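Structure first, commentary second.
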Amino acid sequence: MDLFDSIAADAQFRRVGSAPTPAHRAEADALLEGLNPEQKAAVIHQGGPLLIMAGAGSGKTRVLTHRIAYLLATGRAQAGEIMAITFTNKAAAEMRERVGALVGDAQGRRMLVATFHSACVRILRQNYDPAGLKSTFSIYDMQDAQRLLGMVLKAQDVDVKRYTPRSIGARISDLKNELITPSEYISTMGSDPVSQIVAAAYPEYNRRLRQANAVDFDDIIMLTVQMLSENPAIAEYYQRRYRHILVDEYQDTNHAQYVLVRHLVGIGANAVAPGELTVVGDSDQSIYAFRGATIRNIEEFEKDFPNAQTIVLEQNYRSTGNILSAANAVISRNSGRRPKKLWTASGSGDRIVLDALDSEYEEARNVIRHIEALNSEGADWGDIAVFYRTNAQSRSMEEMLMRSGIPYRLVGGTRFYERMEIKDALAYLQAVVNPEDTVAIRRILNTPRRGIGDKAETAIMAHADRYGLSFGAALDAVTQGETIDGLSPRAATSVAEFWTMLADIRTQAESGASTAHVLDELISRSGYLAKLRESEDPQDASRVENLAELLSVAEEFDVERRQSGETEGTLAAFLERVALVADADQVPGDDDRRGAVTLMTVHTAKGLEFPYVFVTGLEDGTFPHRRSMEDMSELAEERRLAYVAITRARKKLFLSRAATRSAWGQSEAMAASRFLDDIPEETVEIGREPTRETYGFSSGTSTSSNSGIAFGSGKPGSLQSTFVKSQPTKRLGSPAVGGGKLGQASAKPALKLEPGDRVKHGKYGEGTVTGIDGSGPQAVARVDFGGTQKRLLIRMAPLKKL
DNA sequence: GAGGACTCGATTTTT
DNA sequence: TCGAGTCCTC
């Protein structure tokens, strides 16, 4: 980075920015067409910090994209001076695309639109040294971080049953989100046992992270903030570079992110005049407090940033009047909020349908009944979404959908990138990129089994600790022929073989081999793939497919990189991309959504909209969640979550609950959700009610203050939980192909396929080849299985040509 | 060191 | 109910 260049460039921007031509004027004015007065004000606002309080469906993204386009069209900013921060990669891509559509793709590409995390990784990679890292640093996800923390806790003789890595990790995460360093913590902590453990584990955990040349999610923000505050010259560089900072979903920022924003804008920090800051948010949609987000940031915006102005958007362009009334009623019960009422110029629309069923299976069946009706009235499956509070609830829904043959798509849950085989493969890649990555290396050291067991691992660890080496360096020593106490010659040979293989592949990677090639080499030469293919376990068959899918993701990534001309650090970039994907990134866009019902948690649904929305599990204990019912602030967050769920619906909203729900195989009586009590009676039509026999007494025992629509409140204890015996459910749609068969399939010479061929797949059935990517052993077929698109590695997938 | 049987705890929500 | 982690035997 060259400061003088940037200053010179900056001066040039300034000049261009001063005088809009008439052509510019017309283009800029066109951007204001069709906006309401508040939206218009938000778009043209100039100067001081701006807070846009954007209610659900109030055209927030439109305002943000038009504001950026307006800045560009009036010449107030160059694309390269704009940094827009979102919470998901998908939102970032969407914003870039929409701005591109307004002002041209070339401009769109020159802006920095990214999530907090990817923007910070970018900054850290550019300044790894002052941040105390090496350029190849790894990013640990929660799983990796907990693994490392587990090692630390065990080394410190902590009872990890009582104090789990998960709970201690959550505490450390909170501290990092508050930018509290280990030494600061020690001087302020309490004396309870947990605090003691945290105080001891936190510094050691950080030390081991740095030793492994790795950062966790929270470090990404915290280290960036620390680096910027310790290096004013670097901070100044970014302040000069980015003159317009826009932050979406500001209500979800935590303290560290807030401080980061201040650094980027540069409030009085140095000679540079502060950049223009725009934040957009809705405190009623703050649903990430558990992750450290604080509404404070949005509530105190005007105090934090002098001369700030606030614009409130309340007109809703998404939902019907009934849906908005329900949403307003639910959220209005939260105290201490800045009053805000959504309104719509369109009519009240259909009533909200409220159904109560006997069990979660009945509830699922009921949803399907409605879905089929909607579909026969002409709705596309893709216009329909089903939401639930927790991922575990998706199961009953999925089973019923499979039976009914309705195509569906589940977003989130056990994520692709969290699956064992994917994590293993990525750990191999990580070990190639960063030879000091202890967690990655230890994960794959004996996977597949190669005779390096606990004893050997412990011996190597001890050796590393004694000489202050990283785990990788100790493996290196073994490979060089050094003998280590407690390491058998057999194990040593195995270690040397393993490490030599990695080194060899690393050489290939460094001399420019593609990501896909490196990945393929790793899973083949390590024996990982062979092991899975030999297995009789049908689960392993789908693992092989998942690896094939990962390979095709890598292939796609390689192509993308080649096209963009970036050839350096491709492997690291791939790992980075993969580490920072979120559930929400997997949500298909409007066009790809067609043809399948979408299932997801309410959290994942934030920011989306569907014509038809089902919110399920409206029971006290499910939604609001049991663990949030005691604490007032947590209950308030549940209420905001309900508000988010309701406001996703455009045309019609279906709410349902089950009178009994089974958790851990045990059926339990559930009372109606308190949120149902708040929904105005006139907006609702009561559909099904639970069958009488389920209950000791009749329905209508609602404690509701105003409406009494909490129909059929099942009083716990008043029923025999054995009553609703859902039939034993078999997992349907399990892979029809066993591991053995698959092994054969892949042993055969690769199938010759071309677009238009009909094929039969062991799991997905018959489909049509729509395209072939790549060639030779990496050839991937794009196959359409009756609306579901799949990418399959021809060499490995259980495919037959018809 | 590997593989199988057994126990125990888990369900919030996630960048 | 189910998966991960632990213990035990070969």
Side-chain angles (χ1 to χ4, degrees), chain A residues 85-92 114-121 139-143 145-147 150 154 160-162 164-167 169-170 173 176-177 216-221 249 252-254 256-257 286-293 387-396 411-415 417-418 420 446-458 488 490-491 494 539 579-586 600-606 617 621-629 631 634 637-638 640-642 644-645 661-668 726 728-729 731:
Chain A
I85 300 176
T86 60
F87 267 80
T88 66
N89 297 299
K90 185 175 166 260
T115 64
F116 269 107
H117 291 266
S118 42
C120 285
V121 168
I139 298 167
Y140 282 1
D141 65 12
M142 222 169 54
Q143 251 184 59
Q146 279 177 21
R147 249 176 130 90
K154 277 190 197 126
V160 287
K161 275 262 163 64
R162 183 80 221 89
T164 58
R166 187 192 151 110
S167 62
S173 173
K176 289 186 173 181
N177 287 332
D216 65 21
F217 276 149
D218 307 309
D219 281 339
I220 292 175
I221 313 291
E249 308 281 16
D252 289 333
T253 52
N254 59 35
Q257 289 162 336
S286 161
I287 54 174
Y288 287 109
F290 70 92
R291 206 167 72 190
F387 302 153
Y388 33 80
R389 176 66 179 80
T390 66
N391 277 306
Q393 290 166 249
S394 71
R395 176 171 251 162
S396 49
V411 183
T414 10
R415 285 196 234 160
Y417 291 109
E418 279 168 11
M420 181 188 79
N446 201 30
T447 311
R449 304 259 127 100
R450 46 174 76 90
I452 311 171
D454 286 349
K455 234 182 116 188
E457 200 179 320
T458 313
S488 72
R490 238 181 80 183
S494 217
Q539 268 206 330
L580 298 177
V581 292
D583 278 348
D585 296 330
Q586 316 290 329
M600 67 186 114
T601 64
V602 180
H603 280 89
T604 309
K606 193 169 83 154
T622 309
F623 194 0
H625 194 274
R626 185 166 281 111
R627 294 176 61 158
S628 304
M629 282 168 52
D631 183 288
E634 286 179 43
E637 179 146 318
E638 294 286 315
R640 293 192 292 270
L641 202 49
V644 167
R661 184 171 294 277
S662 43
W664 307 301
Q666 210 110 72
S667 190
E668 198 190 340
S726 57
T729 41
R731 267 263 173 230

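Computed from heavy atoms alone, side chains included, the values below leave out hydrogens, waters and symmetry copies. Below, chains carry the letters A, B, ... as their sequence lines are ordered, and counting in each starts from 1. Computed from a prediction, not measured in an experiment: that's the story for all the values here.
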Pairwise N/O distances under 3.5 Å, protein to nucleotides 2-6 of chain B:
unit_1 : atom_1 : unit_2   : atom_2 : d
B/dA2  : OP1    : A/Gly451 : N      : 3.1
B/dA2  : OP2    : A/Asn446 : ND2    : 3.2
B/dG3  : OP2    : A/Arg449 : NH1    : 3.4

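- With rounding to whole Å, A/Asp141 atom CG is found 14 Å from B/dT14 atom P.
- Rounded to a whole Å, the CZ atom of A/Arg389 is 10 Å from the C1' atom of B/dT11.
- Contacts of A/Asp218 with the nucleic acid, taken as non-hydrogen atoms under 4.0 Å apart, are absent.
- The backbone N or O of A/Lys90 sits less than 3.5 Å from a side-chain atom of A/Asp585, completing a donor-acceptor pair.
- Considering only heavy atoms from C-beta on, A/Phe623 stays 4.5 Å or farther from A/Thr390 through its side chain.
- Between A/Arg166 and B/dT11, a side-chain N or O to OP1/OP2 separation shorter than 4.0 Å is present.
- Within 4.0 Å (heavy atoms only), A/Asn391 reaches sugar-phosphate atoms of the nucleic acid but no base atom.
- For A/Thr88, no side-chain nitrogen or oxygen approaches OP1 or OP2 of B/dT15 to under 4.0 Å.
- Within the 4.5 Å cutoff, the side chain of A/Met142 has no heavy atoms near those of the A/Glu418 side chain.
- A/Tyr288 does not qualify as a stacking partner of the B/dT15 base, lacking a centre-to-centre distance under 5.5 Å together with planes within 30°.
- Expressed to the nearest 0.5 Å, how far CZ of A/Phe87 lies from NE2 of A/His117 amounts to 7.5 Å.
- Shown here for A/Ala582 and A/Asn89, the closest heavy-atom pair between the two residues is N-ND2, 4.4 Å.
- Atom CZ in A/Phe623 sits roughly 10 Å away from atom C1' in B/dT13 (whole-Å rounding).
- Taking each heavy atom of A/Lys176 and A/Ala256 in turn, the nearest pair found is O-CB, 4.1 Å.
- Nearest-nucleotide positions on DNA chain B for A/His625 and A/Ala456 put A/Ala456 closer to the 5' end.
- A 4.5 Å side-chain heavy-atom check between A/Tyr388 and A/Val602 finds every atom pair outside the cut-off.
- Regarding A/Gln257, its CD atom lies at a distance of 12 Å from the C1' atom of B/dT14, rounded to whole Å.
- For B/dT11, the base has no donor-acceptor partner in the side chain of A/Arg626 [N/O atoms by modelled type, under 3.5 angstrom].
- Not one side-chain nitrogen or oxygen of A/Asn254 sits closer than 4.0 Å to the OP1 or OP2 atom of B/dT15.
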Response to the item:
Protein-proximity profile, nucleotides 1-10 of chain C, B/S/- by nucleotide at the 4.0 Å heavy-atom cutoff, equals ----------
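- Between the CZ atom of A/Phe290 and the P atom of B/dT11 there is a distance of 13 Å, rounded to whole Å.
- Applying the 4.0 Å criterion to OP1 and OP2 of B/dT14, one finds that A/Thr604 has a side-chain N or O inside that range.
- One atom, CG of A/Asp216, and another, C1' of B/dT15, lie 12 Å apart when rounded to the nearest Å.
- When rounded to the nearest whole Å, the span between CD1 of A/Ile221 and P of B/dT14 equals 18 Å.
- Minimum interatomic distance between A/Ala289 and A/Glu637 (heavy atoms only, all atoms of both residues): CB-OE1, 2.8 Å.
- Under the salt bridge (charged side-chain N to carboxylate O under 4.0 Å, His left out) criterion, A/Arg661 pairs with A/Glu363, A/Glu619, sequence neighbours left out.
- If you measure from atom NZ of A/Lys176 to atom P of B/dT14, you get 21 Å, rounded to the nearest angstrom.
- The closest donor-acceptor contact from the side chain of A/Ser494 to the backbone of A/Ile452 lies at 3.5 Å or more, if one exists at all.
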